[in-house]
Amino acid sequence: MNEATLKEAHILMVDDEVATTCLMTNFLNRIGYSKLESINDSTRIFKMIETFKPDLILLDLAMPGMNGFQVLENLRANRRGENQIPVLVVTGDASAENKRRALCAGATDLLGRPVDPSEFSMRIRNLLQARFLRLEIQEQNHFLEERVRERTSQLEHALENLETAQRQRVQQERLSAFGEMAGGVVHDFSNALMSVIGYSEMLLSNPEKRGDEATALEYLRIINTAGRDGAHIVSRLRDFYRPRGESDMFETLDLNEIISQSLALAKPRCAQRESRARIHFETDLDGSATIAGIGAELREVLTNLIFNAVDATPGEGVITLRTRQHDGEVVLEVIDTGTGMSADVRQRCLEPFFTTKGDHGTGLGLAMVFGIIKRHQGTLEIDSEPGAGATFRIRFPISSVNGEAVLAKRAA
Ligand SMILES: Nc1ncnc2c1ncn2[C@@H]1O[C@H](COP(=O)(O)OP(=O)(O)OP(=O)(O)O)[C@@H](O)[C@H]1O
Ligand SMILES: [Mg+2]
């Protein structure tokens with residue numbers, strides 16, 4: 001702290017003796033202090049403090065009206081926060097008792113008169129130095145508090161932005177998951193529609209089939225199954241926002257029956273393929289292939305795998321559907337003798353929207369297949385080489401229920 005700053009201090013003298021305040025004023029002027037005020041009526045001190053804003057008070061003790069002790073007590077009572085003005089008591093009676101009382105009442109320091117000029121000057125200097133340092137610290141504290149407030153508000157703002165961005169990201173992810181799922185629903189729903197349209201057209205355009213009650217009934221049953229499967233597929237849209245509840249039951253199903261139904265359902269679409277006349281379907285079914293699951297979803301798996309196998313068989317070929325039991329599992333294989341897959345296609349074929357069929361494929365079939373297998377706690381293996389056909393091997397746990405429905409356990 002430099003000397004010039006100290007000399008800018010405001011010093012207030014409070015003494016009933018005019019001669020004493022004049023003496024002190026002269027002395028202080030001499031040693032460089034110019035911002036001085038004095039009062040001889042101590043009751044005016046508080047008014048003076050408000051207007052003059054002293055950095056130091058030089059206070060007499062024995063005064064009429066309000067003595068020095070009362071002034072000190074009042075100063076202490078009126079003190080605001082940490083901003084205490086130092087008080088140097090300058091008294092003609094510096095007895096031990098007066099010193100003790102004055103210090104107890106809040107005096108910062110005390111000097112007896114007559115004062116030694118150099119000691120007086122040093123004491124004033126020390127008190128002012130301490131005062132200015134304290135003010136500086138206070139100012140720094142305020143500055144720091146202000147900075148902390150600013151930073152806190154910036155951080156709060158940043159946090160708000162982050163939370164908004166996070167909410168938007170989650171929303172975005174949900175939207176894209178919804179888009180993916182909706183695409184899958186459209187994909188599988190149109191498969192189901194193909195069966196409905198195909199079989200109803202066969203009935204409509206063939207009066208002899210309508211006339212044969214057994215055939216008509218069989219077609220109607222297939223149409224009915226395809227319609228119900230379509231309703232199940234569409235319900236996935238609702239399940240997206242309202243997760244499945246306890247009403248979603250797995251039933252005990254005969255996988256072999258699901259295979260025959262799927263072959264029948266796939267027939268109209270397979271019939272559209274030019275090569276179909278040269279594709280031979282074979283089934284190699286184990287006597288007992290009981291699993292727990294949702295029939296509509298398992299038919300979706302099979303029709304998708306059959307369509308893919310047909311698409312991969314441009315010329316002659318065999319598509320085999322096989323079931324067997326192995327190590328507590330039901331193994332279902334869809335085997336074709338088609339074009340097969342490169343290592344890259346094999347690795348990517350389960351990705352949603354991955355297709356090698358250009359505009360003819362959505363790339364959602366196997367993604368749906370994989371999701372359904374997972375929901376049924378099954379696993380999927382794909383064996384394929386270019387030119388050597390493909391085998392899709394699915395393993396399901398054998399149903400542990402006998403004719404009873406079990407709760408759908410969703411795979412993690
Ligand atoms: N049996 C198969 N033989 C050879 N490649 C296959 C076979 N099954 C699937 N693939 C490959 O995996 C890709 C992804 O199959 P996915 O069923 O997901 O979609 P897609 O068949 O192309 O389209 P969509 O199912 O809408 O018709 C196919 O484009 C094809 O390249
Ligand atoms: Mg497909």
Side-chain angles (χ1 to χ4, degrees), residues 176-177 179-195 197-198 226 229-230 233-234 236-237 259 262-263 265-276 278-284 296-323 331-375 378-394:
S176 85
E180 206 171 277
M181 189 269 312
V185 167
V186 170
H187 175 271
D188 288 349
F189 189 73
S190 36
N191 284 347
L193 270 187
M194 290 284 270
S195 308
I197 294 166
D229 287 359
I233 290 162
V234 168
R236 259 190 257 140
L237 285 173
I259 290 174
S262 306
L263 279 170
L265 287 167
K267 211 163 139 190
R269 192 173 139 175
C270 293
Q272 290 179 343
R273 308 288 149 122
E274 277 174 28
S275 60
R276 81 156 161 131
R278 285 172 287 155
I279 295 177
H280 179 62
F281 282 92
E282 275 183 13
T283 48
D284 172 9
E297 295 194 355
L298 295 171
R299 282 187 288 273
E300 262 177 83
V301 167
L302 276 155
T303 46
N304 270 303
L305 294 179
I306 293 167
F307 292 152
N308 279 350
V310 171
D311 289 344
T313 312
E316 267 178 44
V318 181
I319 296 173
T320 312
L321 289 110
R322 179 190 292 162
T323 55
V331 185
L332 160 68
E333 286 175 326
V334 180
I335 307 158
D336 67 65
T337 54
T339 52
M341 282 183 260
S342 68
D344 180 52
V345 172
R346 201 176 57 232
Q347 261 170 20
R348 299 195 54 201
C349 65
L350 301 182
E351 280 175 25
F353 302 112
F354 174 82
T355 180
T356 54
K357 299 175 190 170
D359 288 345
H360 300 293
T362 65
L364 285 167
L366 286 182
M368 304 300 291
V369 164
F370 188 60
I372 293 172
I373 294 173
K374 263 188 14 187
R375 269 205 295 285
T379 57
L380 171 68
E381 260 171 47
I382 305 168
D383 294 339
S384 186
E385 296 287 335
T391 299
F392 284 75
R393 187 174 304 108
I394 305 166

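Remember, it's 1-based here, ligands and their atoms both numbered in the order they're listed. Keep in mind that this is a model prediction, so the values were computed, not measured.
- For F307, the heavy-atom gap to ligand 1 stays at 4.0 angstrom or more.
- Nearest protein neighbour of atom 17 (O) of ligand 1, counting heavy atoms only, is N308 ND2, 2.9 Å.
- Protein heavy atom in closest approach to atom 3 (N) of ligand 1: A312 CB, 3.3 Å.
- In terms of protein heavy-atom proximity, atom 22 (O) of ligand 1 is closest to T355 OG1, 2.5 Å.
- Residue V345 touches ligand 1 through its side chain alone, judged by heavy-atom distances below 4.0 Å.
- Given atom 10 (N) of ligand 1, the protein heavy atom at minimum distance is M341 SD, 4.0 Å.
- In terms of protein heavy atoms, atom 12 (O) of ligand 1 is closest to C349 CB, 3.3 Å.
- Under 2.8 Å from the Mg ion (ligand 2) lies no N/O/S atom of N304, from backbone or side chain alike.
- The closest non-hydrogen atom to atom 15 (O) of ligand 1, taken over T339, I335, L364, L366, comes from L366.
- Summary of contacts: the protein heavy atom closest to atom 19 (O) of ligand 1 is G363 CA, 3.2 Å.
- G338 does not count as a contact of ligand 1, since none of its heavy atoms falls under 4.0 Å from the ligand.
- For atom 26 (O) of ligand 1, the closest non-hydrogen atom on the protein side is T362 OG1, 2.6 Å.
- Among protein heavy atoms, the minimum distance from atom 25 (O) of ligand 1 is reached at H187 NE2, 2.9 Å.
- Counting heavy atoms under 4.0 Å from ligand 1, residue D336 touches it through the side chain alone.
- Here atom 28 (C) of ligand 1 lies nearest to T356 when heavy atoms of L350, I306, T356 are compared.
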